[in-house]
Amino acid sequence: MPELPEVETTRRGIEPHISGKKISELIVRERRLRWPIPASLESQLAGQEILGVERRGKYLLLRIAKGSLIVHLGMSGSLRVIAAGSDDALKTHDHFDLVMADSTRLRYHDPRRFGCALWQAHPVSEHPLLAALGPEPLAEEFNAEHLFARSRGRKAPIKTFVMDSKVVVGVGNIYANEALFFAGIHPKRAAGKLSLARCEVLVAWIKRVLAQAIEVGGTTLRDFVGGDGQPGYFAQSLQVYGRGGEPCRSCAKPLKEIRLGQRSTVYCTQCQR
DNA sequence: AGTATCTCCTGCGTGC
DNA sequence: TGCACGCAGGAGATAC
């Protein structure tokens, strides 16, 4: 599932192929995503130039002069660029194509339809989905003091807490599991009980794990033209996610798997306290 | 306000 | 080979 590193890799992959180009049309085949694709979207986009592709959390923002196209990949979404002239057979769940004036296509594919494609006039940060978001995990604003201050008095498990997009964006289930392992913090520990020093360690690992995944994604997913555009998983070796029952890579004790907020949570009972 | 639960959806693995 | 089933999960909506 696209986590922040996949979304950032997607952004970097598609940006050079569509930025600066004029949109000729939007072709929608299936409007029923997480929210219906707005009926006015085709007319909003036609004839407009794409000024750039940005990212906020896991939302991709295609900037045009009068507003932004907001795209989320949900659980199973992907975008691929189809170069002008190349024929790329339409697959099931290819829900829309953004067609450029030079015939380059940006094709959205999403089997589970948990993603979305929405419109927001400037400023895009005022869209209800974006307005209350916390800082970017790799930005300076996400630091130990922020995590410490925000978590005081909170009884929620630290894993649930760091996955809350109002606290910090883009920390999905996989990377929350991984960062907590590296930080040596038990996922069920009450967020409000974490010391400033441990917040420091956790923040550092969240940044490190995400940055490393982006680096790996950058090499794995260089080619966004052709192919199936499926990001898949990163070649990085996961320490705990998906390894319940298998030996801890640090102490060899079998990893424990539990459910936390309906999410699969894996940790080492010995290394994480 | 904080917390827990429900919800959307399809592909995949499992058991018979 | 086919079917029913359970499960996975981002994150907003809803109910306490």
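Lettering of chains follows the sequences in order, A, B, ..., and the numbering in each one begins at 1.
- Evaluation of A:Phe114 against the base of C:dG10 yields a stacking contact (centre distance < 5.5 Å, interplanar angle < 30°).
- Between the CG atom of A:Leu118 and the P atom of C:dA11 there is a distance of 14 Å, rounded to whole Å.
- Counting heavy-atom neighbours within 6.0 Å of A:Lys256 NZ, excluding the residue itself, gives a total of 12 or less.
- Ion pair A:Asp110/A:Arg34 not flagged as a salt bridge, since none of the NZ, NE, NH1 or NH2 atoms sits closer than 4.0 Å to an Asp/Glu carboxylate oxygen.
- OP1 or OP2 of C:dA8 has not a single side-chain nitrogen or oxygen of A:Tyr241 nearer than 4.0 Å.
- Within residues 150-159 of chain A, the residues approaching DNA chain B are A:Arg154, A:Lys155, A:Ala156, by heavy-atom distance under 4.0 Å.
- Atom NZ of A:Lys21 is surrounded by more than 12 heavy atoms from other residues, nucleotides or ligands within 6.0 Å.
- For C:dG9, neither phosphate oxygen OP1 nor OP2 lies less than 4.0 angstrom from any side-chain nitrogen or oxygen of A:Tyr175.
- With a 6.0 Å radius and a threshold of 12 heavy atoms from other residues, nucleotides or ligands, A:Arg32 has its CZ atom at or below the threshold.
- A:Trp35 places its CH2 atom 10 Å from the C1' atom of C:dG10, with the value rounded to the nearest Å.
- Across all strands shown, A:Phe161 has no heavy atoms under 4.0 Å from either base or sugar-phosphate atoms.
- Residue A:Leu129 contributes atom CG, which lies 7 Å from atom P of C:dA13 at whole-angstrom precision.
- Proximity note for A:Met163 (side chain, C-beta onward) versus C:dG10, C:dA8, B:dG11: the nearest is C:dG10.
- Of the two residues near DNA chain C, A:Gln262 and A:Lys166, the one whose nearest nucleotide lies more 5' is A:Gln262.
- Evaluation of atom-type donor-acceptor distances gives a pair under 3.5 Å for the side chain of A:Arg263 against the base of C:dG10.
- Atom P of nucleotide C:dA11 and atom CE of A:Met75 are separated by 10 Å, given to the nearest angstrom.
- Note: the hydrophobic cluster containing A:Tyr108 does not contain A:Leu129 (ILVMFWY, side chain heavy atoms under 4.5 Å, direct or indirect links).
- Computed from coordinates, the A:Glu30 CD to B:dT10 P distance equals 9 Å when rounded to whole Å.
- Atom C1' of nucleotide C:dG9 and atom CZ of A:Arg259 are separated by 9 Å, given to the nearest angstrom.
- Distance A:Leu4 CG to C:dA11 P: 9 Å, rounded to the nearest Å.
- Dense packing is recorded around NZ of A:Lys66, with more than 12 heavy atoms of other residues, nucleotides or ligands lying under 6.0 Å away.
- Residue pairs satisfying the salt bridge (charged side-chain N to carboxylate O under 4.0 Å, His left out) criterion with at least one member in residues 119-139 of chain A, sequence neighbours excluded, are listed as follows: A:Arg55-A:Glu136, A:Arg56-A:Glu136.
- Side-chain N/O atoms of A:His72 include one lying less than 4.0 angstrom from OP1 or OP2 on C:dA11.
- When rounded to the nearest whole Å, the span between NE2 of A:His127 and C1' of C:dG12 equals 12 Å.
- Toward the 5' end of DNA chain B, the nearer of the two residues A:His93 and A:Arg34, judged by each one's closest nucleotide, is A:Arg34.
- Nucleic acid contact for A:Thr160: none, since no nucleic acid atom lies under 4.0 Å from a heavy atom of the residue.
- Hydrophobic clustering (ILVMFWY, side-chain heavy atoms < 4.5 Å, transitive): A:Leu45 and A:Val28 are in one cluster.
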